[in-house]
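Heads up: the structure comes next, in C-alpha cells.
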Amino acid sequence: MATEVGGFDDPSVEVLAEAAAAFGLLASSARLHIVWALAQGESDVTGLAERVGGALPAVSQHLTKLKLAGLVRSRREGRRQVYFVDDPDVVTVVHLMVGQLTDRADRSEGSGLPAQGAGPRLRGFGA
C-alpha cells in the first residue's frame, strides 16, 4: 500500500524491486564503467574492454547481465555486435551520481583536505 509523505506517493513494491535490481547491477564498478562508456557513445565489446581495462570474456558477461536487465541493448553491424544504452533515464542517473562524486573529489583535492564523505559509505547512510 502506497503512503503519501511530503506530497509524494511511495512507489509500489514492484517498482522498488525493479529499481533495486537495476541499482544492484550498477553497484559493480566494472558494469558502471561500461554503462558510463556506453552513455558517451555506442561500442563493440572489444572497444569496451580496451576502454574499461577489462578482459574480453568478463566485459561480455557484464554486457549480457546489463542486456537481460534492459539497461543496455545491441544491434548487429556485419560480424560485430554494437552495444548502446537505450534508456536516457539510466544515463541521467549515472551522469548525476558519477558527476557529483567527481566534483566532490575535485573540490577536496583543491582544498588539500580529505574528501567529505570519503570511504565506503555515502553521506547520510550507515552508522
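Just so you know, these numbers come straight off a predicted model, no measurement behind them.
Under a 4.5 Å side-chain heavy-atom cut-off, the cluster of Ile, Leu, Val, Met, Phe, Trp and Tyr residues that includes Val82 has no other member. Alongside Leu16, the hydrophobic cluster contains no other residue (criterion: ILVMFWY side chains under 4.5 Å). Applying the 4.5 Å side-chain rule to ILVMFWY residues, one finds Leu25, Leu26, Leu32, Ile34, Val35, Trp36, Leu38, Val45, Leu48, Val52, Leu56, Leu63, Leu66, Leu71, Val72, Tyr83, Val85, Val90, Val91, Val94, Val98 in the same cluster as Val59.
Ala30 is linked by a side-chain contact (heavy atoms from CB on, under 4.5 Å) to Ser28, His62, counting only residues two or more places apart in sequence or in another chain. When the side-chain hydrogen bond (donor to acceptor under 3.5 Å, both in side chains) test is applied to Ser43, no partner is found at least two apart in sequence or on another chain. Scored by the salt bridge (Lys or Arg N to Asp or Glu O under 4.0 Å) test, Arg51 finds no partners at all (sequence neighbours excluded). Residues passing the salt bridge (Lys or Arg N to Asp or Glu O under 4.0 Å) test with Asp87, sequence neighbours excluded: none. Residues satisfying the salt bridge (Lys or Arg N to Asp or Glu O under 4.0 Å) criterion with Arg75, sequence neighbours excluded, are Glu42, Glu77. By the salt bridge (Lys or Arg N to Asp or Glu O under 4.0 Å) test, Glu14 pairs with no residue at all, sequence neighbours left out. Here Gln81 pairs with Ser74, Arg76 under the side-chain hydrogen bond (donor to acceptor under 3.5 Å, both in side chains) rule; sequence neighbours left out.
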For His95 and Gln40, what are the C-alpha separation, side-chain angles and deciding distance, and is it a side chain to side chain contact (heavy atoms under 4.5 Å, CB included)?
-> CA-CA 10 Å; His95 277 162; Gln40 312 308 309; 3.2 Å; yes
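For residues 52-73, the pairs satisfying salt bridge (Lys or Arg N to Asp or Glu O under 4.0 Å) are Arg73-Asp86, with sequence neighbours left out.
Using a 4.5 Å heavy-atom threshold, the side chains of Asp103 and Gln100 count as separate.
Atom CZ of Phe23 is surrounded by 12 or fewer heavy atoms from other residues, nucleotides or ligands within 6.0 Å.
Contact between Val15 and Pro11 at its shortest, heavy atoms only, is CG1-CB, 4.0 Å.
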